[in-house]
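All residue numbers refer to positions in the sequence shown, counting from 1. Predicted, not measured: the structure shown is a model, and the values here were computed from it.
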Amino acid sequence: MTDAWFRATKVTLLVLGAIAVCLAAAASPGPPSAFAATFTVNSTADTYDGVCDGTNCTLRESITAANANVGLDTISFNITAGPGTLKTITIASELPDVTDPVILDGTTQPGFTSIPVVRVRASAPIGSDGIVLNGGASGSTVRGLSLTNFVLGDPLWLDGVTGVTVEGNYIGLYDAGAGAVAEVNGSGIVASAGGSHRITSNVVNSYSTCVSLVDSNGNIVRRNILGLSPSGAPLGGCGENGVNPGFGIGIVGTDNIIGGPADDGNLIALANETFVGFEIYGGVGIAVAGSLSARNRIRGNSVLANDRLGIDLGNTNGTFGPLMDGLTANDAMDADAGANGLQNYPTLSTARVYGSSTVLIGALHSVPNQQFAIDFYHAVSGCDPSAHGEGDEYGGSIVVTTDGAGDASFTATMPGSVYFTSWVATATDALGNTSEFSECRFVLAPFVCVDDVDCDTVLDATDNCLDMYNPDQLTSDRNFIDHSPPYMASVDDKTRARSDALGDVCDPDDDNDGLVDGAEFDGCNGSGALSAISADTDADRFLDGVECTLSTDPTSFVSKPAVTACGSTADVDGDKLTERIEVCFYGTDPANGDTDGDKATDGAKDGCEAASLNGDRIVNVADMGMLATAISNPAFRVVSVDVNKDGVWNPADQGLVASFISPAGQCPG
């Protein structure tokens with residue numbers, strides 16, 4: 001196959017909105033050199049006289065010289081001729097391919113701040129590519145350049161190479177000092193075959209797809225702005241509206257990371273669709289195609305204002321153009337196959353403002369007994385005609401675990417209280433397969449919030465916790481020890497065994513079991529309903545939080561962890577409770593004798609509170625009487641008298657209680 005065939009094929013696919021998978025012949029490197037070299041471009045000319053020196057070195061000459069010098073070289077810039085800071089190199093024919101590792105660094109040009117000031121521009125139109133890396137160019141870097149007007153070619157093509165860093169470039173735009181100007185290319189950044197590239201912090205506009213990963217695996221694509229100006233304003237888009245279709249990011253491959261945590265997400269907008277006959281081409285923010293495309297992790301991005309879906313897990317023919325197949329419906333047990341496993345998306349049932357936050361309630365149905373990350377996005381700009389959204393603003397994420405039927409319910413609190421807008425979500429499995437966006441859920445107006453800061457329907461004047469939605473107005477921590485009659489304890493928090501002395505619902509863990517109250521109502525992410533006032537829902541003597549941590553079901557007496565998983569039989573802090581008793585059954589720190597914070601230095605306090613069976617924090621004959629009654633009369637047996645939590649009430653418990661009886665009778669502190 002000839003280069004001419006590849007160029008013709010790419011022109012044809014551009015009209016159809018496709019990205020060609022091209023193979024270019026690798027140029028042979030020149031004679032080896034013992035030293036890496038720096039070649040400095042000092043001219044905007046497009047000449048080649050075989051020499052790159054301090055008198056005259058063009059970009060064409062520098063690439064040729066770097067190819068001939070085996071090893072990682074640097075091409076820097078120091079162009080002084082011509083007016084203004086922006087230096088434009090206009091090329092009349094294709095540059096030589098880069099065939100040996102090189103750092104092509106536009107940030108070295110005097111005047112560079114954060115905006116590229118070296119512009120490589122094709123004379124209109126030459127039907128060529130811009131900078132092409134192939135052959136032995138793996139490990140190269142292309143940084144801080146502006147590449148424009150390669151209308152019939154790819155401005156930056158990584159052809160069969162690996163480990164290339166592409167960062168801080170303007171592709172399809174330039175800035176002459178008055179702001180961004182679009183002069184778009186046929187494509188944007190194209191990686192065909194190879195992979196493991198880092199494509200970060202670039203701004204790309206194109207007449208086709210802004211970033212194409214075709215048979216390219218293991219790439220990281222983060223912090224790029226695609227289809228917009230550097231400030232996020234509309235510019236050229238991805239695709240030429242009404243003429244050439246485009247995609248923000250097109251993927252045919254595996255193990256690619258698109259976005260990420262914190263500020264690593266990409267901003268992707270204005271992917272344009274085009275009608276060809278009766279078919280719609282392009283217009284998708286992020287397209288994943290091909291039945292073998294898998295484990296493409298798409299998280300934390302801002303995807304908006306694209307003509308079609310924000311994320312489309314598409315057709316099975318191995319190309320994200322010319323046609324994607326639109327929304328993929330969820331299926332039972334997520335058993336279907338295709339791009340990213342056609343991962344099911346979550347469903348949101350409710351979105352409602354509470355105070356300064358928005359509470360989202362929903363569910364995921366997918367593969368049974370698996371963990372999934374649920375990412376939430378504020379769809380400020382609205383929803384697609386499919387009623388599914390794009391994610392303008394990333395809000396946050398939670399982790400859920402499906403049960404044996406493949407179901408997980410969730411409640412999540414997201415920052416912000418903007419109602420009359422929408423939220424959407426995606427699901428990503430443990431392998432990294434991300435779903436399409438969910439159906440939009442419109443944010444309901446808050447409850448009456450006049451004189452009610454947290455919108456919990458309790459007026460501020462009588463609200464015991466202004467910063468938390470707590471319409472039940474609990475005033476004390478609930479105790480997981482059963483104080484059934486005749487051994488009822490005081491309701492005062494300071495005298496309740498295993499309390500933490502905070503005394504109101506602003507404490508997010510009412511029963512002090514290690515699970516915040518909000519998490520208890522979704523059964524530690526899918527295992528069933530829990531109660532925020534009962535730390536051992538299934539009465540198997542293991543705290544709900546411990547069971548969730550050790551992956552057993554806190555709602556099933558049959559499902560419980562091995563005691564040995566909680567620690568050793570050592571009494572690490574000398575409070576007469578062993579490590580495993582403190583971890584499994586009391587939720588306290590085995591290395592700290594006072595984990596509930598009411599008196600910081602009393603070393604025996606945790607054990608003493610456990611020994612105060614009636615909850616009055618006084619260990620005396622009344623507690624011994626409870627034990628004696630429980631041992632002799634099963635009708636009076638209650639959980640609280642099993643001090644060491646071994647499942648029986650016997651002299652061992654009596655001994656623990658007796659060890660804390662003192663003349664004063666009061667627990668230390």
[X] and [Y]: which non-hydrogen atoms are nearest, and at how many Å?
X    : Y    : value
V164 : L158 : CG1-CD2, 4.0 Å
H365 : N344 : O-ND2, 2.9 Å
V161 : H197 : O-CE1, 3.1 Å
F150 : G130 : CE2-CA, 3.3 Å
I251 : S293 : O-OG, 4.3 Å
F372 : S366 : CZ-OG, 3.3 Å

* Applying side chain to side chain contact (heavy atoms under 4.5 Å, CB included), name anything that partners A45, two or more places apart in sequence or on another chain. =>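 Applying side chain to side chain contact (heavy atoms under 4.5 Å, CB included) to A45 gives S43, T47, T58.
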Any residue meeting side chain to side chain contact (heavy atoms under 4.5 Å, CB included) with A269, in chain and number order, not counting sequence neighbours:
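Residues passing side chain to side chain contact (heavy atoms under 4.5 Å, CB included) with A269: L228, L304.
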- [ ] For the pair Y377 and F437, name the ring-plane relationship: parallel under 30°, tilted 30 to 60°, perpendicular over 60°.
- [x]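 Y377 and F437: perpendicular rings.
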Donor-acceptor pair, [X] side chain versus [Y] backbone, under 3.5 Å?
X    : Y    : value
N433 : A294 : no
N169 : V142 : yes
N185 : L147 : yes
N219 : S196 : yes
N301 : I258 : yes
D129 : D154 : yes
T358 : G416 : yes
N67  : T99  : yes
S229 : A233 : yes
N306 : G248 : no

Derivation of the side-chain contact (heavy atoms from CB on, under 4.5 Å) call for F77 and V117
CA-CA 10 Å; F77 293 84; V117 291; over 6 Å; no
Test: R223 and E167 ion pair at under 4.0 Å
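No, no charged N to carboxylate O under 4.0 Å.
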Worksheet entry | Salt bridge present between D384 and R308 (N-O < 4.0 angstrom) |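 Salt bridge between D384 and R308, a charged N being under 4.0 Å from a carboxylate O: no.
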Would you call [X] and [Y] a side-chain contact if the rule is heavy atoms closer than 4.5 Å?
X    : Y    : result
L72  : I103 : yes
C52  : R60  : no
I89  : R121 : no
S386 : L309 : yes
T90  : T44  : no
I249 : L226 : yes
L95  : L59  : yes
I199 : L213 : yes

Verdict with reasoning, R119 to T148, per side-chain contact (heavy atoms from CB on, under 4.5 Å): CA-CA 7 Å; R119 175 186 177 205; T148 69; 3.4 Å; yes
May I have the step-by-step check of side-chain contact (heavy atoms from CB on, under 4.5 Å) for T328 and Y345, ending in yes or no? CA-CA 9 Å; T328 301; Y345 51 79; over 6 Å; no
When the ring centroid of H378 is compared with that of Y394, is the distance short of 6.0 Å?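 H378 vs Y394: aromatic centres not under 6.0 Å.
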**For R441, salt bridge (charged side-chain N to carboxylate O under 4.0 Å, His left out) partners two or more places apart** =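 Listed in chain order: nothing, the list is empty.
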Let me confirm one number: the [atom1]-[atom2] distance from [X] to [Y], rounded to the nearest 0.5 Å.
X    : Y    : atom1 : atom2 : result
D100 : I63  : CG    : CD1   : 12.5 Å
W157 : S187 : CH2   : OG    : 10.5 Å
M414 : L360 : CE    : CG    : 6.0 Å
L156 : L133 : CG    : CG    : 7.0 Å
K87  : N78  : NZ    : CG    : 10.0 Å
I311 : E436 : CD1   : CD    : 8.0 Å

**disulfide bond (SG atoms under 2.5 Å apart) contacts touching residues 190-236 (sequence neighbours left out)** =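 Those involving residues 190-236 are C210-C238.
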### Message
Could you tell me if T434 and T426 have a donor-acceptor pair between their side chains, going purely by distance under 3.5 Å?
### Response
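T434 and T426 do not have a side-chain donor-acceptor pair below 3.5 Å.
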For S435 and Q343, which I'm curious about, is there any donor-acceptor pair between the side chains at under 3.5 Å?
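No, no side-chain donor-acceptor contact under 3.5 Å.
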*Applying side-chain hydrogen bond (donor to acceptor under 3.5 Å, both in side chains) between R295 and each of D255, N340, D429, report the one that passes.*
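Result: among D255, N340, D429, D255 is the only option passing the side-chain hydrogen bond (donor to acceptor under 3.5 Å, both in side chains) with R295.
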Going by atom type alone, with no hydrogens or angles, which donor-acceptor pairs under 3.5 Å involve a side-chain atom of residues 171-178 and a protein atom two or more places apart or on another chain?
from : atom 1 : to   : atom 2 : distance (Å)
D175 : OD1    : G177 : N      : 2.7
D175 : OD1    : G179 : N      : 3.2

Please determine whether side-chain contact (heavy atoms from CB on, under 4.5 Å) holds for the pair V288 and I298, giving the CA-CA distance in whole Å, both sets of side-chain angles, and the decisive distance to 0.1 Å.
CA-CA 10 Å; V288 185; I298 304 168; 4.0 Å; yes
(message) Using the side-chain hydrogen bond (donor to acceptor under 3.5 Å, both in side chains) criterion, which residues pair with T108? Sequence neighbours excluded.
(response)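 Result, side-chain hydrogen bond (donor to acceptor under 3.5 Å, both in side chains) vs T108: none returned.
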Yes or no on side chain to side chain donor-acceptor pair (under 3.5 Å) for T107 and D105, after CA distance, side-chain angles and deciding distance? CA-CA 5 Å; T107 68; D105 193 354; 2.5 Å; yes
Q | D263 atom CG, over 12 foreign heavy atoms within 6.0 Å | A |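 Open.
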